[in-house]
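Chain A is the first sequence line, chain B the second, and so forth, proteins listed ahead of strands; every chain is numbered from 1. Since the structure is predicted, the reported quantities are computational estimates derived from the model, not experimental observations.
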Amino acid sequence: MVTTSTTIGFLRRSDLQGLIDLLREDGRTLLGPTIADGAMVYDEIEGVADLPAGWGSEQSPGRFRLQERGGDRLFDYAVPPTTWKRSVFPPEMPLSVATRSEDGSLTIGPAKREIPKLAFLGVRACELAALGIEDRVFLSGPYTDEDFRARRNASIVVAVQCAEPASTCFCTSMGTGPGVRSGHDVSLVELDEGFLVTAGSPAGSAIMERLPLGTATADHLSAASDQLIAARERIGDPIEARGLHDRLLAKLDSPRWAEVAERCTACGNCTLSCPTCFCTTTVPGSDLDGRAASTERLWESCFNEGFAKVAGGNFRYRFQDRYRQWLTHKFATWFDQFGTSGCVGCGRCITWCPVGIDVREELNAIAPPSGVMLTLPEIKPVPPPRPGIFTIASKREETPDTTTVVLTKPGGMAWEDVRGEFVMVSLPGIGSVPISVSQRTPEGMVLTIRSAGPATTAITNLDVGAQLAVSGPMGVDWDGPLELAQGKDIVVVAGGLGLPPVRPVIDNVLNDREKFGALRLYYGARTPSDLLYKEELAAWSARGDMEVAVTVDRSDATWLGRVGIVTYLFDQASWDGSKVVAFLCGPERMIQASCSVLQAHGVTPDRIFISMERHMECGIGLCGHCQMGKFFVCKDGPVFSLAQLGDTFGREGI
Amino acid sequence: MGRPEATARPRLGVAKFASCDGCQLQVLNLEDALLAIAERIDIVEFPEATTHRSSGPYDVLLIEGAISTQEQEEHVHKLRRESKLLVTIGACATAGGIQALRNWANHDEFRATVYAHPEWIESHAASRPVADFVKVDAELVGCPISQSQLVELVTALLTGRRPYLPDEALCLACKRKGNVCVTVAKGIPCLGEVTRTGCGVLCPSYDRGCYGCFGPREQANAKSLAGHFLLEGIPDIEVGRLFAGFTAYNEPFRTAVTELGGTTGASPDAAWAQAAAALHRGGHDAG
Amino acid sequence: MQANAPASQAVYHTETLTRVEGEGTLHLVVRGSDILDARFKIWEAPRYFEAFIVGRHPDEVVDIVARICGICPIAYQMGASYAFESIFGVQVDPQVRALRRLIYLGEWIESHALHVYALHAPDFLGYMSAIDLAKDHRAVVEQGLQLKKVGNDIMTVLGGRSVHPVSMRVGGFHRVPKRSEVDPLRARLEVALKQSLATLDFVAGLEAPPFERDVKLVSIRHPDEYGLIDGRIISSDGEIDIAIPDWPKTFIEEQHEGTNALHVRTKDGGLYLLGPSARVTNNHEQLHPVAKEALAKSGLLEGIRKNPFWSIAARSVELIHACAESMDIIDAYRRPAQPYTPWTPQAGSGAWVTEAPRGICSHNYTVDEKGLVTKAQIIAPTGPNQGSIERDLALFAPQVLDLDHSAATWKLEQLIRCYDPCISCATHFLDLTIERV
């Protein structure tokens, strides 16, 4: 029999074991729903007897109960607590292994992982949509999760159309179900006598050909259709999804966020029950001596304390900010990032919230259907960053807690071929930190690092000759803004540790001096002993072709220069802002104040460029931590124009 | 935590106050890992394991037990002076322990319940965590502490990295493991949402609710959880007893116990319970 | 240990007795070679368990009382469970009962291995700690650690963790394991059995100081099994033979000044001794055949009865028994359909005892009609043992008076360690001073 994607076959109930056996061929593990611990759990299926015949589910906010329905129907319930996500995106996964020897040399490489051959039986329409969303998150680039791709490619997807939705379902509003449309290899519709079977892919067609299928009769088709219509009607349309993106983002100051935060315990259940949430954290481990080291990737939640934390503080300390982050990411900024809504309407976050917060209620009946897809510009995938082993060629202490390290590697760095503002520096067994590149050299690079925690302390304590692993560079750098700035006057404003990241701007301008107009550096530090690059500051001041003004917040006995905040250096300046392109880096409050002054001087937001900071873990836009509104700081930044940032900039809790 | 000097081995001591010794036993339970650690660290004082005695100084001092007598209060100050890094281990040292339930009660009545001659017994009215008296540099919570967290702390100390001791709810570990939530699926009250992870989600894995022995997590919203239980029909005092456990004395469990009752001497306030339940009444489907 | 000895006085003073769970002091007053006074005091900051348990639900009490002792939490959880079950009339499923014995034997294995290898053997061989012992005899110490680990792992599989397990409740367990979860323990117990037989051989070769006395040894005895959770309470001289729930009428607590540890005497004011020596003496007939044979081969039954230093052999015999019986329980295990027997509360009182590794641990509760506790009495095994320790120290002291200070002190501490006093059970105070007058 020739099968096409429009052929509908009929499989008798007694022949279902045959499908199961097919799916288990060649050592493939079949996963499907089983009854355990008071719910359905996706576990290994060996026979029809393992499936939950005669069971249903009753779900409401914060409540899940199994229902005994009797009979032999196998799929008359809505989604269980587990997701297929855990099979293609493991909750805990080893990432890398490394060794560090006594003399400081390193080896580092990816951890061995086995990709099991799997088949999924009973994938609902919302779950298919979720897998599709994960494909976009992990595979659209520029960096991709190849482990995810391998697991996806190694799985067969057998979908089942819902007949018994729960009161928490809202796939209809999100445009993802209950009808199964695409993303499956094989799709089943359960009827009393058996199953309608269709294929959604060549692999699915190949499976269909091997099944003892009869032809679907008109009665079968109309029963299936009635079932689907009834399911759809039971769900209704709980959320007004059209326009939700814009409406939600217009309500960032709604008082409702604080109200829901009084109920929310920030337990993370919603995010870890969700079939599309993708944030992860990377944890270093090692033996007692730190010689054999490893990293492991774990599912993480934006509700966690450390998620948005950096050395200087926590960008989302309040629960209301974390809840807002989750909801606006899921229903609004996900569109900007990936072209669709992040939500498929499966209702798990409603059922499995132990205090019963209902996201539909919180959205106040708004959500865009995921059938609306924005076309985003095609992103060219780039090869994943592989860490290079660099050696510390020399060190210079800038201040008691800040050190400049000169790194080299055999063969040097081909800077003409790469773009990026920062690198991920890692010492296996200790941790990994993002550091801006302050100088590019043919042999490698120069980094200036403050000892702010155990990892940066360990790195700056290394001796000359010791080795580090460095990945990158990544992120949007100053090159674009510098092109824009040719022929214009340059203003550089830096505060404290903000000088090293913005130094490449100065070096670039000085290297090509005649291409630019005036060059003015305004630099402030807390005290004279906190000033970085003292030699360079002196050398720059001595040149005739740039202005250098330095200030400190508090002076000491030796200081003869300016005292006060950095904006004092230029708020009375007389230069013409309409000819200026500004480059800023430093504490956010300093940047905010400086931007006000610059704009008062006529520098427009499209000519103000800022290097932003957030909690970065992976550096490649996959772990979710560094989000700032719709932006991933590590891949959309860290260099942004003020115009680009809009009212994301300076808003508390973003 | 900086790197110890390359040549000298760190000196580690273990001290005990009012406790059951279970946390010290967890150190001994490291078994062969303990021997490996002892090759890299000088264990100069560990009353449960060795007759070696030392009065310091210590690079690292692990303290088990709550402060509940005058003598202990004076001794802990002395220990603080002798220690570079003072690490409290276990619920007694970090929260006052289960015996902190006496902090709500009348101490004299308690003494009289246990001892025929209460006047012969000297102790403070309250059992309190070590941090109430001296600065604590790090803590391992739990009743008892978790062995894997202990090894992580020691490894971090030896290698110079930040130890991975996440301050997140148990719920994340349950979900990563694939556990079905006992509260949502079975209606069993569980404190996991407001309790700090680290135990390996033992209780939910054994079909019961978490009883909070690792203590309240960051900004734990105990009031919301209490309100939810009250709406489920659990009486105020029983909800109070849920929080009146091994880490009752740490906030916000302490306020929940005081306001709901659940231990001798608590002063329940019906208004607090009503406000807690009202958080959910608007949107809560108690069906 | 300090020695400050003016010409006419010798003072042996230890402020903290190491390698026992907690702190205690001992003070001897000596004239010539006569012991005038022996005072054994234990100081553990009082925690008032019996007071704050009032008002709590029985299942909460089972969780709470574990914290009386980090080394024998199951003994407390078990005694409390049985005491409440006797009030509410709860019958436990036989498979659940078997699991209870298994988890309890796991605690015995862990506790006995800990005591033999880490707490007591170093004394016999002249080392200050197991860690020091390991430097010269690593294989010996590793064997002890492996044995201890099997005990811990039994408790972890059945209870979630070995210190303060989470699975025990009135009527049984919150969760019972699948057969596939206990099977891996079986193979390890086979190895452990061999290791515990080797332990008894090793122990039998040690030199015990010659010190014999007659003492009333009290334990549970059951006709068909090694007394652990049920039976009657008997004494070695036949004077005591009571039903378990009658213990509060037979054993009385007294408070002595200068120590916050409560002493316990028989109702006639007599001293008695609990623990492995008492059990092996009273119940050697009920030992598992493998253990019985090993005991006979060692020839130490008399020694165990009369010489407290041979308690290390009693523990070793019980290690063998625990491994062998655990294997039998696993072989016969079928997962019960219900992990616990449901019960309804009613007002009443109930008393029960079980055999903690260190000896009988006693519970007595009164509850109201909701089942909430109104009164509680809990006696750790070291309560009764205190008096015997004091008396034995007085009897033994003449043997060490001629040794130099630190040697004598160490020998006396070693005697105390024989009783493996569970000092953290909020009772005992141990400080050693010998004052010559």
Open item on the list: Before you tell me yes or no, could you show the steps for B:Phe246 and C:His164 under side-chain contact (heavy atoms from CB on, under 4.5 Å), namely the whole-Å CA-CA distance, both residues' side-chain angles and the distance that decides it to 0.1 Å?
Closed with: CA-CA 12 Å; B:Phe246 306 95; C:His164 308 326; over 6 Å; no
TODO: Could you please spell out the steps behind the salt bridge (charged side-chain N to carboxylate O under 4.0 Å, His left out) verdict for C:Arg175 and C:Glu181?
DONE: CA-CA 12 Å; C:Arg175 180 185 182 276; C:Glu181 290 169 279; 3.2 Å; yes
TODO: Mind running side-chain contact (heavy atoms from CB on, under 4.5 Å) on B:Cys213 and C:Arg67 for me, showing each step along the way?
DONE: CA-CA 11 Å; B:Cys213 72; C:Arg67 273 75 182 175; 4.2 Å; yes
TODO: Could you go through the side-chain contact (heavy atoms from CB on, under 4.5 Å) check for B:Ser127 and B:Arg102 one step at a time?
DONE: CA-CA 7 Å; B:Ser127 169; B:Arg102 81 161 181 268; 4.0 Å; yes
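Using a 3.5 Å distance cut-off with no hydrogens or angles, the side chains of C:Glu60 and B:Tyr211 do not pair a donor with an acceptor. Under the 3.5 Å distance criterion, with hydrogens and angles disregarded, a donor-acceptor pair is assigned to the side chains of B:Glu74 and B:Gln70. At a cut-off of 3.5 Å, with distance as the only test, a side-chain donor of C:Lys148 or B:Asn29 sits close to an acceptor on the other residue.
For B:Glu39, the part lying near chain C is the side chain, with the backbone staying farther off; criterion is any non-hydrogen pair under 4.5 Å. For a residue to count as touching a neighbouring chain, one of its non-hydrogen atoms must lie under 4.5 Å from one of that chain's; by this rule B:Cys23 does not touch chain C. Contacts of C:Leu133 with chain B are absent, with no heavy-atom separation under 4.5 Å from either backbone or side chain. For C:Glu110, the part sitting under 4.5 Å from any heavy atom of chain B is the side chain, from C-beta outward, and nothing else. Only the side chain of B:Ala38 comes within contact range of chain C, with heavy atoms under 4.5 Å apart. Only the backbone of B:Ser205 comes within less than 4.5 Å of a heavy atom in chain C; its side chain stays farther off. When heavy atoms are compared at a cutoff of 4.5 Å, C:Thr156 approaches chain B solely by way of its backbone atoms N, CA, C and O.
The most heavy-atom pairs under 4.5 Å with chain C, out of B:Leu35, B:Leu34, B:Thr264, B:Thr263, come from B:Leu35. Ranked by heavy-atom pairs under 4.5 Å with chain C, the first of B:Ala105, B:Ala244, B:Ser68 is B:Ala244. The greatest number of non-hydrogen atom pairs below 4.5 Å with chain B, out of C:Arg56, C:Gln377, C:Glu142, C:Glu50, is found for C:Arg56. Ranked by heavy-atom pairs under 4.5 Å with chain B, the list C:Ala376, C:Gly159, C:Pro73, C:Pro177 is led by C:Gly159. Taking chain C as the reference chain and counting heavy-atom pairs below 4.5 Å, the highest number among B:Gly245, B:Pro144, B:Gly265 is found for B:Pro144. Put simply, of C:Val176, C:Asp63, C:Val54, the one with the most heavy-atom pairs under 4.5 Å next to chain B is C:Asp63.
Within a 6.0 Å sphere centred on NZ of B:Lys177, heavy atoms belonging to other residues, nucleotides or ligands number more than 12.
With respect to the salt-bridge test (charged N to carboxylate O, under 4.0 angstrom), the residues C:Arg169 and B:Asp207 do not qualify.
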